[in-house]
Amino acid sequence: MVAKDYHIILASNSPRRKELLAGLDVEFDVRVIDGIDESYPDDLPTRDIAQYISQKKAAAYRQTMAPDELIITADTIVVLGTHVMGKPKDAAEAHNMLRELSGQTHQVITGVTLTTTDRQTSFSVTTDVTFKSLTDSEIDYYVSHYRPFDKAGAYGIQEWIGYIGVTALNGSYFNVMGLPVQRIYEALRTF
């Protein structure tokens with residue numbers, strides 16, 4: 001139904017991204033290149049960071065692509081005010097991130113790039129997420145039981161912390177999980 005002329009490759013090890021893309025009923029394979037530099041210029045506007053990194057990831061794959069392949073790269077960041085949160089390095093950093101998000105509304109921005117050998121399109125999707133005021137014991141429980149060290153902002157909305165902590169959401173729920181599948185579907189449909 002979508003991009004039927006291409007062999008779709010998801011460039012991600014994320015189980016959530018695999019699950020979400022599979023939900024579109026498209027056939028795809030996973031290919032991962034380790035060690036891609038995910039840095040960005042200090043003066044880059046916050047709203048552009050995730051898309052910039054997804055394009056940087058796509059560039060790493062472009063030189064090894066076959067002519068019939070379409071590679072999907074993505075990057076997700078959490079933004080509170082002007083503070084950009086990536087993945088926490090350890091439990092202390094995860095706790096600090098969740099403490100900052102507690103009682104606040106933040107943005108989850110996912111940048112996506114679809115690349116073939118002769119074409120590329122990129123976009124980003126932003127979702128506003130509001131947390132209740134979390135107690136230290138709730139944060140400690142979540143960090144120790146769910147170990148959210150592979151998640152931007154130190155949380156997965158589909159996990160316990162999302163169940164008990166998220167009081168409002170404006171935008172795509174799936175974007176907060178890490179892949180704005182509705183926008184990807186539309187992009188694949190018109191690719």
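- Under a 4.0 Å N-O distance rule, the pair R147/D90 does not qualify as a salt bridge.
- In this structure, CG on N170 lies 5.5 Å from CG on D128, to the nearest 0.5 angstrom.
- Using cut-offs of 30° and 60° for the angle between ring planes, the H106 and F131 rings count as parallel.
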Give the C-alpha distance, both sets of side-chain angles, the deciding distance and a yes or no for side-chain contact (heavy atoms from CB on, under 4.5 Å) between V129 and T105. CA-CA 5 Å; V129 180; T105 297; over 6 Å; no
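- When all heavy atoms of Y6 and P67 are compared, the closest pair comes out as CE2-O, 4.4 Å.
- Side chain of R17 to backbone of G178: a donor-acceptor contact under 3.5 angstrom is found.
- Rounding to the nearest 0.5 Å places CG of L98 at 5.5 Å from CD1 of I139.
- Residues D136 and R99 are paired through a salt bridge, judged by an N-O separation under 4.0 Å between the basic side chain and the carboxylate.
- When atom types are taken as modelled, the side chain of T110 and the backbone of N175 share a donor-acceptor pair closer than 3.5 angstrom.
- Using a 4.0 Å cut-off between a side-chain N of Lys or Arg and a carboxylate O of Asp or Glu, E186 and R183 do not qualify as a salt bridge.
- V108 approaches V78 most closely through the heavy-atom pair CG2-CG2, 4.2 Å.
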Go through the steps to decide whether D118 and R62 satisfy the test salt bridge (Lys or Arg N to Asp or Glu O under 4.0 Å), and finish with yes or no. CA-CA 10 Å; D118 61 350; R62 198 163 210 164; over 6 Å; no
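- Distance check: S133 OG to L101 CG gives 12.0 Å after rounding to the nearest 0.5 Å.
- A donor-acceptor distance shorter than 3.5 angstrom exists from the side chain of T73 to the backbone of S54, with no hydrogens or angles considered.
- Side-chain N or O atoms of H145 include one that pairs as donor or acceptor with a backbone N or O of Y141 at under 3.5 Å.
- Counting only distance, with no hydrogens or angles, the side chain of K57 and the backbone of Y52 share no donor-acceptor pair below 3.5 Å.
- One distance of note links CD1 of I49 with CD of E38; it measures 12.0 Å at 0.5 Å rounding.
- Around the NZ atom of K18, the shell of radius 6.0 Å holds more than 12 heavy atoms that belong to other residues, nucleotides or ligands.
- The two residues A94 and P148 come nearest to each other via the heavy atoms CB-CG, 4.4 Å.
- Taking each heavy atom of L179 and A74 in turn, the nearest pair found is CD1-CB, 4.0 Å.
- At a cut-off of 3.5 Å, with distance as the only test, no side-chain donor of T113 or Q55 sits close to an acceptor on the other residue.
- In terms of modelled atom types and a separation under 3.5 Å, the side chain of K132 and the main chain of G103 share no donor-acceptor contact.
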Apply side-chain contact (heavy atoms from CB on, under 4.5 Å) to the pair T76 and I109, showing each step before the final yes or no. CA-CA 6 Å; T76 301; I109 305 171; over 6 Å; no
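- A distance-only check finds a donor-acceptor pair linking the side chain of E138 to the backbone of T135 [under 3.5 Å].
- Here the NZ-CD distance, from K87 to E93, works out to 12.5 Å after rounding to the nearest 0.5 Å.
- Listed for the T115 side chain is no donor-acceptor partner under 3.5 Å among the backbone atoms of Q120.
- Tested against I184, the residues V125, L20, V26, L24 include a single side chain to side chain contact (heavy atoms under 4.5 Å, CB included) partner, L24.
- Crowding of Y142 atom OH: a count of heavy atoms from other residues, nucleotides or ligands under 6.0 Å exceeding 12.
- For the pair R31 and Y61, the NZ or CZ position fails the cation-pi test of under 6.0 Å to the six-membered ring centre and within 45 degrees of the ring normal.
- Using a 4.0 Å cut-off between a side-chain N of Lys or Arg and a carboxylate O of Asp or Glu, E159 and K151 qualify as a salt bridge.
- In terms of modelled atom types and a separation under 3.5 Å, the side chain of E69 and the main chain of A66 share a donor-acceptor contact.
- Residue I8 holds its CD1 atom at 6.0 Å from CG of L70, rounded to the nearest 0.5 Å.
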